[in-house]
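Side-chain atoms are counted along with the backbone in the values below, which use heavy atoms only and exclude waters and symmetry mates. Order of listing sets the numbers, starting from 1, for every ligand and every atom in it.
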Amino acid sequence: MFENIKFENPFSTLPSSFYTKQNWSSFDQPFLLHFNHDLAKSLGIKDDPQELMQIFNGSKSFTKASPLAMAYAGHQFGNWVSQLGDGRGILFGQIDSSEGLIDLHIKGAGKTPYSRFGDGRAVIRSSVREHLCGEAMFGLGIPSSRSLMLFGSNEPVMREVTERGAMIVRTAKTHIRFGHFEYFHHNKITNGVKTLLDHVIDCYYPDTKQDSDKYLLFFDATVKKTAHMVSAWQSVGFNHGVMNTDNMSILGETFDYGPYAFMENYDPNYICNHTDSQGRYSFSNQPNIAEWNCYALASALIDIYNETELRDTLNNFNGYFYDSLIEKYRKKLGLKSALDSDYDLLLELFKVMETDNLDYTNTFRDLSKIISLPDNYELSEKLTLWLTSFKDRLIKDENTIEESVLMMDDNNPKYILRNYLAQSAIEDAELGKSKKIDELVKVLRDPYIDQGKSMEHFCKPAPEEQQNQKLSCSS
Ligand code: AMP
Ligand code: MG
């Protein structure tokens with residue numbers, strides 16, 4: 001199964017305060033809902049979904065694994081929680097693949113010592129959502145965890161209503177979160193932060209191992225990756241929904257999908273998480289929160305770093321974020337050269353999109369066609385006016401119009417994972433059917449390429465009453 005790949009779990013060699021070694025609780029009769037053949041191939045994992053499901057369900061033993069539940073903590077909605085940890089997940093192991101070191105983590109695997117009041121399970125609904133979003137992000141080129149496989153069960157799981165249990169096998173470069181460092185620092189576990197830092201550098205930044213600045217390089221890299229990740233979210237209209245520090249990967253991969261949403265009509269104040277009454281994790285607040293989370297991480301590193309160094313590094317966040325953001329938006333507008341006025345041009349477009357209730361994704365996607373054939377589109381007065389300035393700007397650019405058009409199409413996705421699409425795949429999956437998951441995965445893997453008439457329905461905005469809805473946090 002994994003014979004040809006190196007399989008290990010270096011995390012399991014760390015001191016026992018870092019985790020609890022344990023097995024997981026299998027389902028009686030799991031049924032496969034989706035197997036990610038592409039991902040299996042890129043990881044060098046044998047393409048045998050049924051046998052893999054038996055292994056990941058725990059119904060067939062696999063002696064090379066050293067499964068464990070990780071201990072961590074975190075700030076949830078700004079409040080400190082000293083003990084979280086994998087309450088329903090098992091780190092199965094780490095494979096040394098052509099993609100580098102990749103964690104395999106089973107989510108929905110039953111109770112662990114960190115389950116607190118939870119049942120250790122995940123439901124089909126949330127597992128389908130996580131499985132789909134990993135592929136959507138992958139297609140968009142945004143760093144993210146992915147899911148190798150998804151299987152359901154008949155095990156009843158109580159949420160707002162009774163649902164059924166499912167598991168996904170999540171892959172990510174790491175499952176180490178900001179909250180891991182916070183756990184060791186705030187709980188005053190001797191040598192915890194330093195041991196974890198050394199582990200992270202060994203595994204993920206081995207080239208800096210001999211460097212006297214290695215710790216600082218790690219923190220700066222984390223700040224930068226986090227800023228870049230969030231700039232990518234903003235550029236595609238993605239609202240994560242639960243940016244707690246325990247959901248922030250130290251390697252800047254989008255992680256722990258809950259009530260996320262890709263925005264439909266442009267609304268900077270959109271809050272996808274139903275329980276987020278204050279809008280802490282609203283779309284436009286994501287960059288601030290990402291920075292806040294970096295501060296929380298810095299606070300956990302204070303015993304090892306010099307405070308001024310930490311502050312100076314934190315001050316880099318804004319530069320990393322805005323440089324990356326404007327670069328992404330220039331590409332979305334088809335611009336090769338950079339003018340100071342580009343930022344204002346963009347803000348004007350956002351204003352038009354907001355007042356005219358325009359679909360974020362489709363507005364950007366259509367720009368390349370609108371500039372050539374405006375008569376084919378029903379354009380508002382405000383958008384027509386904005387297009388005049390946009391055309392003036394395009395003329396001044398180093399790109400020819402043809403080059404700009406290509407650049408726009410390469411950087412504005414035609415297909416995104418709209419929640420109503422995910423919902424219809426969920427409803428099917430709950431009946432044991434997976435055709436809609438297959439279709440969505442296929443279309444979302446290549447979101448920048450027009451996939452023809454038969455796929456056209458995937459670009460339709462949600463019906464008005466389903467636009468930018470709030471989603472339940474329960475999963
Ligand atoms: P999340 O909101 O999914 O990021 O989870 C926050 C914390 O609650 C993590 O420590 C999870 O492992 C834990 N948790 C979430 N759902 C459950 C559940 N059903 N059973 C046990 N622990 C859970
Ligand atoms: Mg989480």
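- When ring centroids are compared, Phe181 and Phe218 come within the 6.0 Å threshold.
- Taking 2.8 Å as the threshold, Asp256 counts as a candidate ligand of the Mg ion (ligand 2), since one of its N, O or S atoms lies below it.
- Note that Arg280 lies in the cation-pi zone of Trp292, set by a 6.0 Å cut-off to the ring centre and a 45° limit from the axis.
- Against a heavy-atom cut-off of under 4.0 Å, Tyr72 is close to the following atoms of ligand 1: 9 (C), 10 (O).
- At a 4.0 Å heavy-atom cut-off, ligand 1 does not touch Val242 at all.
- Of the N or O atoms in Leu84, none lie within a sub-3.5 Å distance of an N or O in ligand 1.
- Heavy atoms of Tyr114 found under 4.0 angstrom from ligand 1: none, in either backbone or side chain.
- With salt bridges taken as basic N to acidic carboxylate O contacts below 4.0 Å, none links Asp303 and Lys194.
- Phe62 and Phe92 have parallel rings, their planes meeting at less than 30° on a 0 to 90° scale where 60° marks the start of perpendicular.
- One of the N, O or S atoms belonging to Asn247 lies under 2.8 Å away from the Mg ion (ligand 2).
- Considering only heavy atoms from C-beta on, Leu216 stays 4.5 Å or farther from Asp220 through its side chain.
- The nearest protein atom to atom 5 (O) of ligand 1, hydrogens excluded, is given as Asp246 OD2, 4.7 Å; this is a heavy-atom distance.
- Within the listing of ligand 1, atoms 9 (C), 10 (O), 11 (C), 12 (O) sit less than 4.0 angstrom from a heavy atom of Gly85.
- By the 4.0 Å N-to-carboxylate-O rule, Glu430 lies too far from Arg164 to be salt-bridged with it.
- Taking a cut-off of under 4.0 Å to the non-hydrogen atoms of Gly120, the atoms of ligand 1 that pass are 18 (C), 19 (N), 20 (N), 21 (C).
- Between Arg418 and Asp359, at least one side-chain N (NZ, or NE/NH1/NH2) sits under 4.0 Å from a carboxylate O, which counts as a salt bridge.
- The closest approach between a heavy atom of Arg116 and any atom of ligand 1 is below 4.0 Å.
- The side-chain hydrogen bond (donor to acceptor under 3.5 Å, both in side chains) test with Ser474 singles out one residue from Arg159, His274, Glu160, Glu163, and that residue is Glu160.
- Shortest contact from atom 6 (C) of ligand 1 to any protein heavy atom: Gln76 NE2, 3.7 Å.
- Neither the backbone nor the side chain of Met158 comes within 4.0 Å of ligand 1, counting heavy atoms alone.
- Cation-pi geometry between Arg177 and Phe255 is not met: the NZ or CZ atom fails to fall both under 6.0 Å from the ring centre and inside 45° of the normal.
- The closest protein non-hydrogen atom to atom 19 (N) of ligand 1 is Asp119 OD1, 3.0 Å.
- At a heavy-atom distance under 4.0 Å, only backbone atoms of Arg121 (N, CA, C or O) approach ligand 1.
- For the pair Asp86 and ligand 1, the shortest N or O to N or O distance does not fall below 3.5 Å.
- If you run side-chain contact (heavy atoms from CB on, under 4.5 Å) between Phe219 and each of Ile250, Leu197, Thr313, Ile304, only Thr313 comes through.
- A side-chain contact (heavy atoms from CB on, under 4.5 Å) with Leu43 is found for exactly one of Asn36, Asp38, Thr171, namely Thr171.
- Around atom 12 (O) of ligand 1, the closest heavy atom drawn from Gly87, Gly165, Gly258, Gly179 belongs to Gly87.
- At least one N or O atom of Arg88 sits closer than 3.5 Å to an N or O atom of ligand 1.
- In terms of protein heavy-atom proximity, atom 2 (O) of ligand 1 is closest to Asn247 ND2, 4.7 Å.
- The pair Lys435-Asp428 fails the salt-bridge criterion, with no side-chain N (NZ, NE, NH1 or NH2) lying under 4.0 Å from an Asp/Glu carboxylate O.
- Between Phe317 and Phe321, the angle of the ring planes stays under 30°, which puts this pair in the parallel group of the 30/60° scheme.
- The closest protein non-hydrogen atom to atom 1 (P) of ligand 1 is Asp256 OD2, 4.4 Å.
- Put simply, part of Arg159 is less than 4.0 Å from ligand 1, judged by heavy atoms.
- Not a single N or O atom of Ser475, backbone or side chain, sits closer than 3.5 Å to an N or O atom of ligand 1.
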